[in-house]
2 protein chains.
Amino acid sequence: MLGLSTEKITETLKILHDPTRLLLMKLLTEKEYCVCELVGMFEVSQPAMSQHLRKYKKAGLVCEEKRGQWRYYCFNEACEQHILVEQIIGQLDDNDEQLIKLRSKAEAITC
Amino acid sequence: MLGLSTEKITETLKILHDPTRLLLMKLLTEKEYCVCELVGMFEVSQPAMSQHLRKYKKAGLVCEEKRGQWRYYCFNEACEQHILVEQIIGQLDDNDEQLIKLRSKAEAITC
DNA sequence: ATGTTATATAAGGCAATCATTATATACTTG
DNA sequence: CAAGTATATAATGATTGCCTTATATAACAT
């Protein structure tokens, strides 16, 4: 086991220490979402969501796919930090109220 | 497995996203240190170290023991977030240069 | 081509974080 | 008790982070 550098770990924790980004990452490990869905689910502004996603992208945490006028994001399972990320979100209570609400909202959204 | 709340996880990540506090936590899981040792090892000011330790303490991450004029700190293995913390520091490369330097400095310090 | 929708980027403001300087507390030693 | 050492706390200032507003880009529809 080689392990990660201090810098890589702190970079990852800086990204996931935000509640929106922590829950968002949990969802992105389960399936892909397009930006407009995420904006609706989290009730944040479109630029705010876009900036959250940019942080993930800069750290290599997500895959991005453009289809039509939409961009879909999901967790990049091949990233260097994938075990760390999986362990962190694995600590989340699966019955977390916010998570349940987010998932139910997702179903109601059509971009 | 119950899991932790979003707030508890983000609180913990906020504490460990700082490189000094990440490495420091790694050391505190191995053995106890007094504040003056830590100040010498990390080459930070005494108040800065004291404030780092206060953050740990506020989050319940450390045990504190006063012996003589020294205060010794170590990881609180009974804390709610102990698995999360152990997983995060478990990702650290054990041969991390900074870690090796810190440990060798520790031996040279006598308060 | 024009308008509309989806998304990104840039610029600005406010709040949180981190280190520093200064001061306080508490124990120890003479 | 006075001086010294270890530690904590408070106040200030600089930096960073996150959101907002405004604007740009790109795909699609008419």
Side-chain angles (χ1 to χ4, degrees), chain A residues 6-7 9-25 27-28 32-74 98 105-106 109-111, chain B residues 6-7 9-25 27-28 32-74 105-106 108-111:
Chain A
T6 306
E7 293 70 32
I9 297 179
T10 54
E11 178 197 45
T12 307
L13 302 190
K14 249 176 229 175
I15 291 174
L16 297 181
H17 82 220
D18 176 83
T20 297
R21 286 197 298 268
L22 178 68
L23 292 166
L24 177 49
M25 182 56 77
L27 296 174
L28 294 180
E32 61 172 22
Y33 288 90
C34 75
V35 182
C36 56
E37 282 179 297
L38 298 173
V39 168
M41 289 158 68
F42 283 89
E43 293 176 19
V44 299
S45 70
Q46 176 270 315
M49 181 54 69
S50 192
Q51 284 163 35
H52 287 313
L53 292 166
R54 185 163 49 173
K55 294 200 178 193
Y56 288 147
K57 201 176 153 187
K58 197 184 162 203
L61 288 169
V62 291
C63 299
E64 189 189 12
E65 202 190 316
K66 210 170 183 172
R67 289 206 299 277
Q69 57 194 136
W70 296 279
R71 284 197 202 185
Y72 292 85
Y73 288 87
C74 67
Q98 298 172 70
K105 268 195 184 177
I109 293 173
T110 45
C111 301
Chain B
T6 305
E7 293 69 35
I9 296 179
T10 54
E11 177 196 46
T12 307
L13 303 189
K14 248 177 230 175
I15 290 174
L16 298 181
H17 82 219
D18 176 84
T20 297
R21 285 196 300 265
L22 179 67
L23 291 167
L24 176 51
M25 183 54 76
L27 296 173
L28 295 180
E32 62 172 23
Y33 288 90
C34 75
V35 182
C36 55
E37 283 178 297
L38 297 173
V39 167
M41 292 159 66
F42 283 90
E43 292 175 20
V44 299
S45 70
Q46 177 270 317
M49 181 55 69
S50 192
Q51 283 165 42
H52 286 313
L53 292 165
R54 185 164 47 172
K55 292 201 179 195
Y56 288 148
K57 202 176 153 188
K58 197 184 162 202
L61 288 169
V62 291
C63 299
E64 189 188 12
E65 202 189 318
K66 210 169 184 172
R67 290 208 295 278
Q69 55 192 139
W70 297 279
R71 283 194 203 189
Y72 292 86
Y73 288 89
C74 68
K105 270 195 181 177
I109 293 173
T110 45
C111 302

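Below, all heavy atoms of this structure are taken into account, side chains as well, without hydrogens, waters or symmetry copies. A, B, ... follow the sequence lines: proteins, then strands. Residue 1 opens every chain.
- We find the CD-CZ distance between Glu32(A) and Arg71(A) to be 14.0 Å, quoted to the nearest 0.5 Å.
- Side-chain atoms of Glu37(A) come within 3.5 Å of backbone atoms of Cys34(A) as a donor-acceptor pair (strictly under, hydrogens ignored).
- If you check every strand for non-hydrogen atoms under 4.0 Å, Tyr73(B) touches sugar and phosphate atoms only.
- As a whole-Å value, the separation of Leu16(B) CG from dC18(C) C1' is 16 Å.
- Between Arg71(A) and dA6(C) there is no side-chain polar atom (N or O) within less than 4.0 angstrom of OP1 or OP2.
- With a 4.5 Å cut-off on side-chain heavy atoms, Leu23(A) and Phe42(A) count as touching.
- Put simply, the side chain of Thr10(A) gets close to the backbone of Thr6(A): a donor and an acceptor are under 3.5 Å apart.
- No hydrogens or angles considered: a donor-acceptor pair under 3.5 Å links the side chains of Glu7(B) and Gln98(A).
- Atom NZ of Lys58(B) is separated from atom P of dT17(C) by 9 Å (rounded to the nearest Å).
- Residue His17(A) holds its NE2 atom at 12.0 Å from CG of Asp18(B), rounded to the nearest 0.5 Å.
- Residues passing the salt bridge (charged side-chain N to carboxylate O under 4.0 Å, His left out) test with Lys57(A), sequence neighbours excluded: Glu64(A).
- Here Cys36(A) pairs with Cys111(A) under the disulfide bond (SG atoms under 2.5 Å apart) rule; sequence neighbours left out.
- Rounded to a whole Å, the CZ atom of Arg54(B) is 12 Å from the C1' atom of dT7(D).
- A donor-acceptor contact shorter than 3.5 Å is absent between the side chain of Tyr56(A) and the backbone of Tyr73(A).
- Rounding to whole angstrom units, CZ of residue Phe42(B) and P of dC18(C) are separated by 15 Å.
- End-to-end axis angle for the helix from dA1(C)-dT30(D) to dG30(C)-dC1(D), using five pairs per end and rounding to 10°, comes out at 10°.
- Spacing between atom CH2 of Trp70(B) and atom P of dT25(C) amounts to 22 Å, rounded to whole angstrom units.
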How does protein contact run along nucleotides 16-23 of chain D, one letter per nucleotide 5' to 3', with B for base contact, S for sugar-phosphate only, - for none, heavy atoms under 4.0 Å?
-SSBBBB-
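- For Glu65(B), the side chain to side chain contact (heavy atoms under 4.5 Å, CB included) partners at least two apart in sequence or on another chain are Arg67(B).
- For the pair Met41(B)/Leu27(B), a side-chain contact is recorded, criterion being any heavy-atom separation below 4.5 Å from C-beta on.
- Residues from residues 60-69 of chain A that place a heavy atom under 4.0 Å from any atom of DNA chain C, listed by number: Glu64(A), Gln69(A).
- Counting to the nearest Å, the C1' atom of dA8(D) and the CE atom of Met49(B) are 14 Å from each other.
- Across the protein-nucleic acid pair, Leu13(A) atom CG and dT17(C) atom P stand 15 Å apart, rounded to whole Å.
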